[in-house]
Amino acid sequence: FDGGYQWFYEGRNGWWQYDERTSKELENSYKNGEKCVELLIAGFLYVVDFENMLQLRRNDPSRRRLIKRDFSSIPKKGIAGIRTE
Ligand code: V3L
């Protein structure tokens, strides 16, 4: 259960949880001490930079979002764009 941690990216006024598979992938990479991970999300390549805790679009790094690792129980907008509250 990954110690109850999940991964989140920044929305306009709150946090979105990464989808389950991606959140697990981020947790594994983070625990392995990797500095960054590449993700394919809806046809776009993104880089997750653990040193700066950012997600950036690979071909347009100005499209950046803060990320965080936190408990799954924190208030959130939803999961990967699907609202849950
Ligand atoms: N997982 C899923 N969708 C993502 C992700 C991700 N890790 N990163 C970006 N997108 P950009 P509010 C978000 C989507 O960064 O109202 C939310 O999931 C992103 O979706 O410029 O601002 C919501 O669906 C956006 O639609 O490359 O809180 C939506 O924004 C698109 O990719 C609105 O959320 C471009 O993001």
Side-chain angles (χ1 to χ4, degrees):
F1 179 63
D2 289 332
Y5 286 110
Q6 290 286 342
W7 285 82
F8 300 86
Y9 60 94
E10 184 185 24
R12 256 176 299 182
N13 43 19
W15 295 91
W16 292 99
Q17 192 174 303
Y18 280 87
D19 72 83
E20 193 65 27
R21 185 186 60 80
T22 304
S23 194
K24 284 202 170 94
E25 181 183 347
L26 292 175
E27 183 68 7
N28 287 336
S29 302
Y30 175 79
K31 283 186 175 157
N32 285 341
E34 292 166 30
K35 290 185 176 174
C36 57
V37 179
E38 282 196 357
L39 300 175
L40 187 61
I41 298 165
F44 290 103
L45 266 177
Y46 290 90
V47 177
V48 168
D49 171 354
F50 292 123
E51 293 189 309
N52 297 297
M53 292 298 272
L54 290 172
Q55 170 190 290
L56 309 97
R57 234 197 239 190
R58 211 162 147 198
N59 68 0
D60 183 359
S62 71
R63 301 182 79 109
R64 57 180 56 198
R65 296 169 185 270
L66 294 174
I67 62 165
K68 68 171 181 171
R69 176 181 188 253
D70 208 336
F71 298 111
S72 57
S73 56
I74 64 157
K76 56 183 169 255
K77 299 188 80 170
I79 302 177
I82 313 289
R83 279 193 169 271
T84 53
E85 53 188 62

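Residue numbers count from 1 along this sequence. Atoms within each ligand, like the ligands themselves, are counted from 1 in listed order. All values reported here derive from a predicted model rather than from experimental measurement.
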task = Decide whether an N or O pair under 3.5 Å exists between Asn13 and ligand 1.
result = no
Which option out of [options] puts a heavy atom nearest to [atom]?
atom: atom 15 (O) of ligand 1; options: Arg83, Arg63, Arg65; value: Arg65
atom: atom 1 (N) of ligand 1; options: Trp7, Tyr18, Tyr9; value: Tyr9
atom: atom 22 (O) of ligand 1; options: Arg57, Arg12, Arg64, Gln17; value: Arg12

If you compare all heavy atoms of [X] against all heavy atoms of [Y], which two are closest, and at what distance to 0.1 Å?
X: Trp7; Y: Ser23; value: N-OG, 2.9 Å
X: Met53; Y: Lys68; value: CE-CA, 3.8 Å
X: Val37; Y: Phe50; value: CG2-CE1, 3.5 Å
X: Leu45; Y: Leu40; value: N-CD1, 4.1 Å

inquiry  = Checking contacts now, so for atom 24 (O) of ligand 1, which I'm interested in, is there any protein heavy atom under 4.0 Å?
reply    = yes
request  = Could you tell me whether atom 6 (C) of ligand 1 has at least one protein heavy atom nearer than 4.0 Å?
outcome  = yes
Below 4.0 angstrom from a heavy atom of [X], which ligand 1 atoms are there? Numbered from 1 as shown, please.
X: Gly11; result: 28 (O)
X: Tyr46; result: 9 (C), 11 (P), 27 (O), 32 (O), 35 (C), 36 (O)
X: Lys77; result: 12 (P), 16 (O), 28 (O)
X: Gln55; result: 5 (C), 7 (N), 8 (N), 9 (C)

ask   = Can the ring centroids of Tyr18 and Phe8 be said to lie less than 6.0 angstrom from one another?
value = no
request  = Mind checking the CG-CG spacing from Asn52 to Leu66? Nearest 0.5 Å is all I need.
outcome  = 10.5 Å
message = Test salt bridge (Lys or Arg N to Asp or Glu O under 4.0 Å) on Glu27 and Arg69; report intermediate values, then the result.
response = CA-CA 8 Å; Glu27 183 68 7; Arg69 176 181 188 253; 2.8 Å; yes
